[in-house]
Amino acid sequence: MGYSIGVSAYFHESSVSLFQDGELIEFSREEYFSRIKGDNNFPRLTIRYLIEKYDILEKEIDYVAFYEKPLLSFLNVTLYALQHFPDSRKLIYNNLMKIRQSGLFFSSDVKKYLKISNNKIIYCPHHLSHVLSTFPFLPDQEPHVSVVIDGVGDTSSTSIYKVDKGNIKFLDSVEYPFSLGLIYSSVTDYLGFNINDGEYKVMALASYGTGVLNKKFQSLVSKKDSTINLKNFSYYKSIEKSYTDDFIKVFGKPFDKLTSCLTVGSSEFIRATEIAHSTQEYLEENVVNIFDKIHETTGCSNFSLSGGVALNSKLVTKIAQKEYIDAIFVPPNPGDSGAAIGAGVFGSLKSGFKIQNNSSPYQGPTPDRKGQVDVKSEFLTFIFEGEDAYSKTAKLIDQGEILGLINGRMEVGPRALGHRSLVCDPRNKIAVDKLSQKIKNRETFRPLAPACLETFTDDWFIVSDKIRQSLHWMGALVQPTKKCLNEIPSVCHVDQTARMQIVRENNEPFHHLLTQFFRLSGIPILINTSFNCGGDPIVCDVQDAITSSIRMNINYLLVESKLFKVK
Amino acid sequence: MLKQSKPVLKTSALTQTEALLDFSLAEVCSGIEMVQAAKLTNNASLAAGFIRHAIDEYRHANIFNNISSTTSARHGLIGLNKYLTINAYNKKYIDRDTFLFEKKSLGRFSIFVYISEKYAAKHFNSIVTKDSILNKDEEQLIKSILSDEKNHINHAYKSTIKFKSNNKLLYFWFNLLERENQIRRNLQNKMGWFNNRVTMAILFTSMLTLRLLNRTIRVTFSKNRPHLDLNQALFQSHEMI
């Protein structure tokens, strides 16, 4: 028996994957255990959890693989910043002061928690980790081109690889500081959202825009040779601000992070939507160009897309519209935390294992933790279990209740797929608004996503086969059918798209609940959003679910097929 | 609030709003510590108590955040931001290597909570007294937090008394240690500004030197590095570069 551990840490949210003989058996983010949103600390709690859960002996661990080449990564960013010294002094100062909390000390951090030798600690190039993160979830291993686009990884911001029968060959790259991901993040910052957290809000805002600023943005950001005009951005030399005064001269004063309140219809909202729209358009145009060029040179029509930019489901849908594309696959966790899965694959391959594909997107921790005391009786009243629990839950949803679901293993990706979700009736506008505004405290311009039974998907949504696989974890957008628009308009965004999840029969607890709700209402769809308070990680165990329910005023919880009322 | 934020030394709107944001982060971090304590204890009613305490702390954090947004808008302050919880490590509100309940026994944890909550109450008082930028409603909200904190102090006090009755000597020893810790953290807060400036000056000089060598270093380490195919990457997997 051989275990490989993949680790992503120190930059984005830390995470760990565990492979046994080439099969992904567990994945978790550190934030699920620490309860610190975006926790980028060395994932000590996750590692401890895995070692205890699987009773792993240190001699059974073949490799612990890190998701990047840390020295390369550190030197690349720091040395580039040095060229802009003294403007960049704070960025360099920050990098040097935090050097102990960087990948350069990965080996010593690992050895604090695992007694393993140096030769078991390995490093996978960052973008290769992203490519490999698709492997456990690919339904088959057709030859394809794997495109990675993110902020920066090691030295590149975009990389292209040819994947054929397990061989991965590097084709091309775009090097830092030219980075589509960082341009998008800079605008996120400008619009008053936090980088690495607010990009999806920019995507939601973009749908309201009309495109009046598109040309202006394009001419400001692009040089004549199609490269990025860096003089409008400062992400490569500043930690405080990622855009320059030149950018502000053109687009006006930046949106304040603490006081900005983007009310739909206000003049500031319209300004924000146009800037977001032009940024989204710029991203889409450039990424589609990359795909066009790859197709021209390789003739390939099967693709996978990973890296943080692949979380932009609007972009994925746009790429899929190109005629030459047969399929585009986005893994359930294409971002940096998912790169831990790629690192785990790297370790398994190094040990000589074949990677088992078609893994479930539910590989996280279960709700009940070994050694944790049961506090349910202190806070919850038991109502029903089994079949009765599901039919009662469906009835409660039909009556306008918003329920918390905590069933089985957690999702691998950032999106809740019914195992740690808050759900409500899509027909009930009051419930939908309450869930979005009061309970989740979301901005009014952001839509909620629908989850639909697989059998009925095509009755309610127009689904392209090119992206169908990624819809099991909300990897792309779909358009609603007329029936959907008429009966449940609340599942759609302003541009009449929906980030729909297809719920398969093997997704048992959630599929069962949707079926019960369909029997009662004739609607095979529920509104589904992540179970967490704003600013918190998604709930992991029963204690988290209880704490969050009380904080959010959720009245009912469905915990492992048992229905409870919150006292 | 278990974590020691900086006291409000000056009375400008900016300083006070920054202090409110800092309080908010400190409250969230205390909530997290309580959540962790609930996960680690093997006593169900104690765990329930920790969860209730955590819920209070999270609520306080929201209040502080909301008030800071309104005071910021009222005084035309720009460029401030809510602290993301991840700042907890940098501000040393949460230890990177261990949560409080992982390293402190229940008795010592109670003493720590008792001392910290008392200190927190003093801090909160400082923002509603002299030259406050808060309006009447906001002051009321802060007072409601103060009343919660008094409850927390009482709970912690009862727990410490129970501990004291079982082990007087250990109680005094832990009390001494926690008070010494409190003073040390206070001093670190005050010295932080000076330490930062000294470090910055040293780094500035080093960076100036590195800047001169930059071209050589860049060519050597970073430029024209070949991108690796899978097989090459597996072969060079022990290299950090």
Side-chain angles (χ1 to χ4, degrees), chain A residues 34-42 44 65 69-72 75-76 79 82-83 85-86 89 92-93 96-97 101 104 119 121-125 128 155-156 159 167-170 173 194 197 256-259 346 349-350 369 371-375 378-379 533 535 541 543-544 546-547 550-551, chain B residues 17 21 28 31-32 35-36 38-45 47-48 51 54-55 58-59 68-69 72-73 77-82 84-86 88-90 94 96-97 99 199-200 203-204 206-208 210-211 214 217-218 221-222 225-231 233-234 237-241:
Chain A
S34 70
R35 309 311 299 156
I36 297 170
K37 172 90 169 164
D39 194 346
N40 58 7
N41 199 24
F42 180 80
R44 67 178 183 97
K69 296 277 190 186
L71 186 55
L72 187 60
L75 286 175
N76 181 52
L79 293 179
L82 260 178
Q83 292 181 6
F85 185 79
R89 63 191 180 279
I92 302 169
Y93 170 73
L96 294 176
M97 287 302 282
Q101 283 83 47
L104 293 172
N119 62 4
I121 296 171
I122 56 174
Y123 302 91
C124 178
L128 199 55
T155 61
S156 322
S159 297
N167 285 325
I168 302 177
K169 197 173 158 43
F170 171 78
S173 69
N194 291 309
D197 180 53
D256 191 60
K257 286 193 167 68
L258 191 60
T259 55
F346 189 73
L349 290 172
K350 177 103 180 155
R369 194 70 31 78
Q372 202 174 87
V373 288
D374 189 347
V375 292
E378 296 271 352
F379 296 98
C533 303
D541 58 36
Q543 285 195 8
D544 302 331
I546 289 171
T547 311
I550 297 170
R551 288 172 64 198
Chain B
T17 307
L21 289 166
V28 170
I32 289 168
V35 162
Q36 296 299 337
K39 288 178 195 293
L40 290 166
T41 180
N42 50 14
N43 177 328
S45 66
I51 288 174
I55 291 167
Y58 283 119
R59 188 164 43 78
S68 56
S69 294
S72 187
L77 305 174
I78 49 165
L80 293 174
N81 192 6
K82 284 176 194 166
L84 301 175
T85 322
I86 188 65
Y89 292 127
N90 295 339
I94 288 180
R96 285 182 185 274
D97 294 324
F99 287 108
T199 323
M200 194 82 171
L203 282 173
F204 190 88
S206 340
M207 280 188 269
L208 213 58
L210 276 173
R211 173 77 181 87
N214 186 21
I217 300 170
R218 231 185 128 65
F221 286 104
S222 187
R225 274 197 60 83
H227 289 266
L228 304 176
D229 296 339
L230 176 62
N231 288 335
L234 286 168
S237 60
H238 288 97
E239 291 177 17
M240 288 168 79
I241 190 159

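Convention: sequence-line order gives letters A, B, ...; per-chain numbering from 1.
Using a 4.5 Å heavy-atom cutoff, the side chains of A/L258 and B/K82 are in contact. Within the 4.5 Å cutoff, no side-chain heavy atoms of A/L128 are placed close to those of B/L228. The closest side-chain heavy-atom distance from B/D229 to A/K169 is below 4.5 Å. Considering only heavy atoms from C-beta on, B/H227 comes within 4.5 Å of A/T155 through its side chain.
Here the straight-line distance linking atom CD1 of A/I36 with atom CZ of B/R96 works out to 9.5 Å at 0.5 Å rounding.
Only the side chain of B/L21 comes within contact range of chain A, with at least one heavy atom under 4.5 Å from a heavy atom of that chain. Contacts between B/L80 and chain A at a heavy-atom distance below 4.5 Å involve backbone atoms as well as side-chain atoms. Only the side chain of A/P125 has a heavy atom closer than 4.5 Å to any heavy atom of chain B. Heavy atoms of A/F346 lying under 4.5 Å from chain B belong to its backbone as well as its side chain. Both the backbone and the side chain of A/N40 come within contact range of chain B, judged by heavy atoms closer than 4.5 Å. Residue contact with chain B, scored on non-hydrogen atoms closer than 4.5 Å, involves the backbone and the side chain of A/T547 alike. Contacts between A/D39 and chain B at a heavy-atom distance below 4.5 Å involve backbone atoms as well as side-chain atoms. Using a 4.5 Å cut-off between heavy atoms, A/N41 touches chain B through backbone and side chain atoms alike. Proximity to chain B involves both the backbone and the side chain of A/R35, based on heavy atoms less than 4.5 angstrom apart.
Each of B/M240, B/E239, B/H238 was evaluated against A/Y123; a single residue qualifies, B/M240, per the side chain to side chain contact (heavy atoms under 4.5 Å, CB included) test.
The residue among A/V373, A/N119, A/I121, A/D541 with the most heavy atom pairs within less than 4.5 Å of chain B is A/V373. The choice from A/G38, A/G535, A/P70 that makes the most heavy-atom pairs within less than 4.5 Å of chain B is A/P70. For the set A/R89, A/K257, A/E378, A/R44, the entry with the most heavy-atom pairs within less than 4.5 Å of chain B is A/R44. Across A/V375, A/L349, A/N194, A/L104, the residue that shares the most heavy-atom pairs under 4.5 angstrom with chain B is A/N194. For the set A/D197, A/D544, A/I546, the entry with the most heavy-atom pairs within less than 4.5 Å of chain B is A/D544.
Among residues two or more places apart in sequence or in another chain, the ring-ring contact (aromatic ring centres under 6.0 Å, His included) test is passed with B/F99 by none. Remark: A/N167 engages no residue in a side chain to side chain donor-acceptor pair (under 3.5 Å) (not counting sequence neighbours).
At least one donor-acceptor pair under 3.5 Å links the side chain of A/D256 to the backbone N or O of B/G79. In this structure, B/K39 contributes its side chain and A/Q372 its backbone to no donor-acceptor pair below 3.5 Å.
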